[in-house]
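Below: the structure, in structure tokens.
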Number of protein chains: 2
Amino acid sequence: MAVTLADVAARARVSAATVSRVLSGNYPVAESTRARVLRAVDELEYVVNGPASALAAATSDLVGVLVNDIADPFFGIIAGAVQSEMGAPAAGAEPGRGGEKLAVICNTGGSPERELTYLTLLQRQRAAAVVLTGGAVEHPDHMAAVAAKASRLAASGTRVVLCGRPPIEDAVTLTFDNRGGARRLTEHLLTLGHRRIGYVAGPAERTTTRDRLDGHRAALSAAGLGEGADRLTVHGLYDRSSGYDATLELLRRDDSLTAVVAANDTIALGVCAALRDQGLRIPEDVSVAGFDDLPFSADAVPALTTVRLPLHEAGARAGRLALGREPQPPGGVAMVRSELMARASTAPPRTGAPG
Amino acid sequence: MAVTLADVAARARVSAATVSRVLSGNYPVAESTRARVLRAVDELEYVVNGPASALAAATSDLVGVLVNDIADPFFGIIAGAVQSEMGAPAAGAEPGRGGEKLAVICNTGGSPERELTYLTLLQRQRAAAVVLTGGAVEHPDHMAAVAAKASRLAASGTRVVLCGRPPIEDAVTLTFDNRGGARRLTEHLLTLGHRRIGYVAGPAERTTTRDRLDGHRAALSAAGLGEGADRLTVHGLYDRSSGYDATLELLRRDDSLTAVVAANDTIALGVCAALRDQGLRIPEDVSVAGFDDLPFSADAVPALTTVRLPLHEAGARAGRLALGREPQPPGGVAMVRSELMARASTAPPRTGAPG
DNA sequence: CTGTTAGCGCTTTCAA
DNA sequence: TTGAAAGCGCTAACAG
């Protein structure tokens, strides 16, 4: 069928072992032999058989990247960054063989089952590393299952990296400063003078959702506004239409609120749309804020106040960690800082606002 | 090291072959034996060795999806749809083994070299299928190289599916109606009364860019406005800042234009931002239109007139084609229709507009 | 229905 | 510096 190592060996008049050594380049081979082999590889258009190679060497060049929703730029940016670290094997790479890793993005759709399924699939492939991105689902059973899988992966030599979720054993973790960012964001609103602030949260069982909500509540409590914050919190998905619906619900619960904080920028877009459809101006009537600072946020009208997370940097670092090209942070955990981006969608509330 | 088939066989007191048969489920096995094997698998937490299995069976469960830019929702949506077809192996899947394919998304960043590198990587893995999405680069050398790779992949049993680019031999193709959509879009503007229409195109060497521009030009020519269209066309990348810069350039070339058509929605966002920064209102002073109808487009302010491409459906179909679960279209090529979405960002030009 | 027997194509000691 | 040989873990005839 396909061209094999043996074919190349025969043509180059050397043993298969020699061809293997030339191709993997980790063993001295005479220059002349080397050239002969390389020519044979070229002429035969030989391409290594990955499975065979992985079997014999007991390692593979696959790196798995799990994301909750690949259609969401939040994950697209992180995943792209991880992949960009896998070495676009610049010039001079051996034909048919390079040190490249194949970063494969796996879309769990936020489903715990699929997350586990993909982990098993990657374990089956003896992946070199696995990067889990985004918030984790907090069901005890699921957390235990993921932790167990991670341990087994780590035990069999697969590096496990977490990016944007709480640490677990046997994994290097990059956490996001969701709590701190959310707190600073709400403090910004409080400083502007807002007192009735609605909050559109993500799915209740996600760590990202909880952390951001915690930060928001902490700011409120510190300002003595902890009471009844529940009433002005609505949960939904991390998408635009959830933001839209939640806003309508918030307005129903309290039509005198002067600001709405969304758990992410995509939700914030829906919030803005709903507010506008209700005839409310942003930020004159109601201020709006998001989280993540996705590319479109700066372009929204008005430009969206949000919290910037350096997603690309974080993803790239996760990629390097996955390849073992960067030393592990102390304790195996590092936090990615967030930064408040105050823009036009937030302003002081109407003076003399009711309530 | 890890648990192997032989370990399971020993524990279940059967031969390795039997275990293999139970796990792959494609061969009759006595129910009692089956149960015993499954229990052993469970107790040992056995997970198939993918490479070994792929080597022996000469097939793999990898499906590669190549995208130009995974941070762009256009590709995120398509890739997610492809992946969704790969069978989230519902309930009842064998532990440690399922019929699932692992759809892996590979981000080329639009680079021809990386595209080829990924194809080689996937060939090396003996991927079951490869899906190439989005516009292709039109350099003759590169096109030949991709065609050659595709033939080789097809020859070795890898199904090749194209989604959103022109057909090549040995591949099933889903083309997008870029030309027709673009033409209808510009006709819409002409019907509204616009005569001076700027066009912000994508990178010159991409098929998507060319097709959309062709459609635009065709509409112009049919209206007798073919002359000098070049002067009102600016090329850039498929991103927001290119749209911004290009708009400034267009305004410099002709500050009396009454409409700007962007090659995609993301560019259109930049166009809107630039126009606004120049103190121009949309659509009162200048109409704006995009292409793709990404989720955010309906939410833009004003809502963006654009051309809808059923990206999710197209990706899902590409996925089914890749799995051989859907019959090939006649001739191996099918066109995905596009639909004009006329919204608030386009309106008749100011009456008595200069020029 | 189940076991035996060969490999799949590559890597890697161990010798030479 | 190169070759020979022994598997890596699994699947797929082929018997029985």
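Every chain is numbered from 1 and lettered A, B, ... according to where its sequence line falls, protein lines coming before strand lines. Predicted, not measured: the structure shown is a model, and the values here were computed from it.
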Taking every heavy atom of Tyr46(A) against every heavy atom of Thr4(A), the minimum-distance pair comes out as CE1-C, 3.5 Å
Ala57(B) has a side chain; which of dC10(D), dA12(D), dT11(C) sits nearest to it? dA12(D)
Nearest-Å distance, CZ (Arg126(B)) to C1' (dG9(C))? 9 Å
Let me know the distance between CG of Leu5(A) and P of dC8(C), rounded to the nearest Å. 13 Å
Using atom CG of Leu55(A) as one end and atom P of dG7(D) as the other, report the distance to the nearest whole Å. 14 Å
Testing the basics here: between Gly80(B) and Asn107(A), what is the closest heavy-atom pair and its distance to 0.1 Å? CA-OD1, 4.0 Å
Rounded interatomic separation in angstrom, taking CZ from Arg124(A) and P from dG9(D): 17 Å
Ranking dT12(C), dC8(C), dT2(C) by distance to the side chain of Ser20(A), first place goes to dT12(C)
Starting at atom CG of Leu23(A), determine the distance to atom P of dT11(C), rounded to an integer number of angstrom. 7 Å
In whole angstrom, give the distance that lies between atom CG of Asp61(A) and atom P of dC10(C). 14 Å
Of the candidates dT1(D), dT11(C), dT2(D), the side chain of Val29(A) sits closest to dT2(D)
So, do Lys149(A) and Leu116(A) sit near enough that their side-chain heavy atoms are less than 4.5 Å apart? yes
Applying side-chain hydrogen bond (donor to acceptor under 3.5 Å, both in side chains) between Ser111(B) and each of Glu113(B), Arg114(B), Glu115(B), report the one that passes. Glu113(B)
If you measure only the distance, is there a donor-acceptor pair under 3.5 Å linking the side chains of Thr18(A) and Ser15(A)? yes
What is the distance, to the nearest angstrom, from the OH atom on Tyr27(B) to the P atom on dT11(D)? 14 Å
Rounded off to whole Å, could you give me the CZ-to-P distance for the Arg36(B) and dC1(C) pair? 14 Å
Per atom distances to the Ala52(A) side chain, the nearest of dC10(C), dC1(C), dC10(D) is dC10(C)
Determine whether a donor-acceptor pair (N or O, by modelled atom type, separation under 3.5 Å) exists between the side chain of Ser53(B) and the backbone of Asn49(B). no
Compare all side-chain heavy atoms of Glu45(B) with those of Val3(B) and state whether any distance is below 4.5 angstrom. no
Close N or O pairs between protein and nucleotides 3-5 of chain C (under 3.5 Å):
from, atom 1, to, atom 2, distance (Å)
dG3(C), OP2, Ser15(B), N, 2.9
dG3(C), OP2, Ser15(B), OG, 3.1
dG3(C), OP2, Thr18(B), OG1, 2.8
dG3(C), N7, Arg21(B), NH2, 2.6
dG3(C), O6, Arg21(B), NH1, 3.2
dG3(C), O6, Arg21(B), NH2, 3.4

Considering only heavy side-chain atoms of Ser53(B), the closest of dT2(D), dG9(D), dT11(D) is dT11(D)
